[in-house]
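Below, all heavy atoms of this structure are taken into account, side chains as well, without hydrogens, waters or symmetry copies.
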Amino acid sequence: MTPTDTLTDPLAQIPAGASAAADATARAEGLAALQAAFGPRLSRQAAVRAQHCHTVNWIPPEPPDAVICPRSTAEVARIVEICAAHRLPVIPFGAGSSLEGHVNAPRGGVCLSLREMDRILEISPADMSVVIQPGVTRSRLNEELRATGLFFPIDPGADATLGGMAATRASGTNAVRYGTMRDMVMGIEAVLPDGRVMRAGGAARKSSAGYDLTRLLVGSEGTLGILTELRLRLFGQPEAVAAGIAAFPDLESACNAVILTIQMGLPVARIELMDEMQIRACNAYSGLSLAERPTLVFEFHGSPAAVADEVAQFRALAEEMGATGVEHATDPDSRQRLWKARHDAHWANLALRPGARNMTTDVCVPISRLADCVARTQEDLRASGITATIVGHVGDGNFHVLPLFDPGDAAMLGRIKAFVHRLVDRAQAMGGTCTGEHGIGQEKRRYLEAETGAVALSAMAAIKRALDPHDIMNPGKILP
């Protein structure tokens, strides 16, 4: 299937005139009903609306008609009930860090900002789990957990809300050892599109009771319901942590070192790739003096003896692949220094061309195809004349490309969009996916059928119709 920019939109078939007028009347009535129920807490100010739509990269922002901040599951249910009665779209909003247009409002409607639902409801050290509201951020959760000896491992880079991370099935740097949000969410409370409250999953570590509704909602990007409570899996804080860095002669050698690390069963917690362009950007932005070569930053967790042995094994493997300047550290300050380049990658990339914007995209391929996919992607960038860096959570085959563009340069933007099409085609042809962790949102809907097949896509559409027959939950996302 050849991806195109043309997407089927059910509203495109609605004729102008009476139907459009009726829709506008229903929308106005719905907003009036919400205003009557919540008073000044429903904001229609332009500045507030503009803050609650997508502005992270090139996708044009599409603001909602209004923004409201519910404080409880009951309030979320009441808001959704009113919106359902008036066919008013509902767009959930966490921290706004999603990258594929997830929080845009292409048909207007009401944005539910969940920032005030930010309570940690229960910490259970014995069960190694925690119950939280969706507005809690991952950094705050780990601050609260520090004294318990437990931690929550998923780190997508941004200080995202845990509700948003669950909705997009986020992962990040630690996924190679600990998994993704799909593996972390044990149970949920969610408000369905008609305002009913559903609970699924729970504190038990496993269950074979019925359909897995928890997994259905995790990764649904707000299109099937709004997560209002989450029970998350926790892990023990490692006794020892060692971080390190290694520079390689070329991308293929770096990727092959990753492949061998995984095949040997070394329990690496994080292993991140930066290409030579990204290292050059980080040196300039962060005042570093790293060799401008493809570089891996890695980390091991465990007992002191186990970590020392694992680092030694990785060093030997990396040097066999041509790595030089391999170093590691165990104290927090030195570890932070080694990770600085990776943590500053986004801002360093933007500093390559002041005034430019960043169109971040990601794909994921089987680990055996990683070296080939990354090398061909780098060749494609050079041939296209696109300034871009490559970084990746390469321990699970996931990498990101960060092309830079001038918002006023339509020709360059067109070349970047064509490059992204080729990148996705390349990854899918290798048995990979159009998105490892960003999600589908608006931007990647066009690739879903090529990846899942028409039957699977129709099954997704059937689930959507069954739960949300009027398509009010985050419309215009995931399904074309």
Scanning both residues in full, the closest heavy-atom pair of R415 with S384 reads NE-O, 3.2 Å
I440 and its side-chain contact (heavy atoms from CB on, under 4.5 Å) partner, picked from K477, H102, R445: R445
Could you pull out all donor-acceptor pairs under 3.5 Å where a side-chain atom in residues 385-397 meets a protein atom, sequence neighbours excluded?
residue: T389; atom: OG1; partner: Q278; partner atom: OE1; Å: 2.7
residue: T389; atom: OG1; partner: N349; partner atom: OD1; Å: 3.3
residue: H393; atom: ND1; partner: E272; partner atom: OE1; Å: 2.8
residue: H393; atom: ND1; partner: E272; partner atom: OE2; Å: 2.9
residue: H393; atom: NE2; partner: H400; partner atom: NE2; Å: 3.3
residue: H393; atom: NE2; partner: E437; partner atom: OE2; Å: 2.7

Flag the pair D344 and K340 as a salt bridge only when some basic side-chain nitrogen lies within less than 4.0 angstrom of an acidic carboxylate oxygen. yes
Could you walk me through whether S253 and D250 pass side chain to side chain donor-acceptor pair (under 3.5 Å), step by step? CA-CA 6 Å; S253 300; D250 50 52; 2.7 Å; yes
Measure the shortest side-chain to side-chain distance between R205 and M186 over non-hydrogen atoms and say whether it is less than 4.5 angstrom. yes
In this structure, NZ of K464 is separated from CG of N474 (nearest 0.5 Å) by 7.5 Å
Could you walk me through whether E443 and R446 pass the salt bridge (charged side-chain N to carboxylate O under 4.0 Å, His left out) test, one step at a time? CA-CA 7 Å; E443 173 57 21; R446 60 178 64 88; 3.2 Å; yes
If you round to the nearest 0.5 Å, how far is CG of L413 from CZ of R357? 10.0 Å
Aromatic rings F298 and F300: how do their planes relate, parallel, tilted or perpendicular, breaks at 30° and 60°? perpendicular
Could you report the tightest heavy-atom contact between G436 and C364, atom names first, then the distance? CA-CB, 3.8 Å
What are the two closest heavy atoms between Q133 and L121, and how far apart are they? CG-CD1, 4.1 Å
Looking at E116, I'd like to know if its CD atom is crowded, meaning that more than 12 non-hydrogen atoms belonging to other residues, nucleotides or ligands lie closer than 6.0 Å. yes
Could you walk me through whether K444 and T361 pass side chain to side chain donor-acceptor pair (under 3.5 Å), step by step? CA-CA 10 Å; K444 289 193 170 176; T361 191; 3.0 Å; yes
Heavy-atom side-chain contact between D406 and M412 under 4.5 Å: no
CD/E252: more than 12 non-hydrogen atoms of other groups inside 6.0 Å: no
Do the side chains of R140 and D159 get close enough for a salt bridge, i.e. N-O under 4.0 angstrom? no
Measure the shortest side-chain to side-chain distance between L457 and L448 over non-hydrogen atoms and say whether it is less than 4.5 angstrom. yes
Less than 3.5 Å apart, any donor N or O on the side chain of T433 or Q428 sitting next to an acceptor on the other? no
Closest contact, heavy atoms only, E310 versus P267: OE2-CG, 3.2 Å
Are T435 and E100 linked by a side-chain donor-acceptor pair shorter than 3.5 Å? no
Taking all heavy atoms of R169 and all of V218, pick out the closest pair and write down the distance. NH1-O, 3.4 Å
Do R231 and I188 have side chains that get closer than 4.5 Å, going by heavy atoms? no
Students often mix this up, so state it plainly: with edges at 30° and 60°, are the rings of F151 and Y178 parallel, tilted or perpendicular? perpendicular
L317 and A257 have their tightest heavy-atom pair at CD2-O, 3.4 Å
Please check if any side-chain donor atom of T377 sits under 3.5 Å from a side-chain acceptor atom of R426, or the reverse. yes
Between the main-chain N or O of L288 and the side-chain N or O of S286, is there a donor-acceptor pair closer than 3.5 Å? no
Looking at R422, I want to see if its CZ is surrounded by more than 12 non-hydrogen atoms of other residues, nucleotides or ligands under 6.0 Å. yes
Could you give the distance from OG1 (T295) to CD1 (I279), rounded to the nearest 0.5 Å? 3.5 Å
Salt-bridge test for D333 and R337: reply yes if a basic N is under 4.0 Å from a carboxylate O, no otherwise. no
E62 and Q442: CA distance, side-chain angles, deciding distance, side chain to side chain donor-acceptor pair (under 3.5 Å) verdict: CA-CA 11 Å; E62 296 171 306; Q442 289 176 302; 2.8 Å; yes
OG1/T168 to CD/E221 distance, rounded to the nearest 0.5 angstrom? 7.0 Å
Here the gap from R233 atom CZ to M128 atom CE, rounded to the nearest 0.5 Å, amounts to 9.5 Å
Do V401 and M359 have side chains that get closer than 4.5 Å, going by heavy atoms? no
Quick one: CD on Q378 to CG on L381, what's the gap to the nearest 0.5 Å? 7.5 Å
Taking distance alone, no hydrogens or angles, what donor-acceptor pairs closer than 3.5 Å link side-chain atoms of residues 236-247 to residues at least two apart or in another chain?
residue: Q237; atom: NE2; partner: R146; partner atom: O; Å: 3.2
residue: Q237; atom: NE2; partner: L150; partner atom: O; Å: 2.9

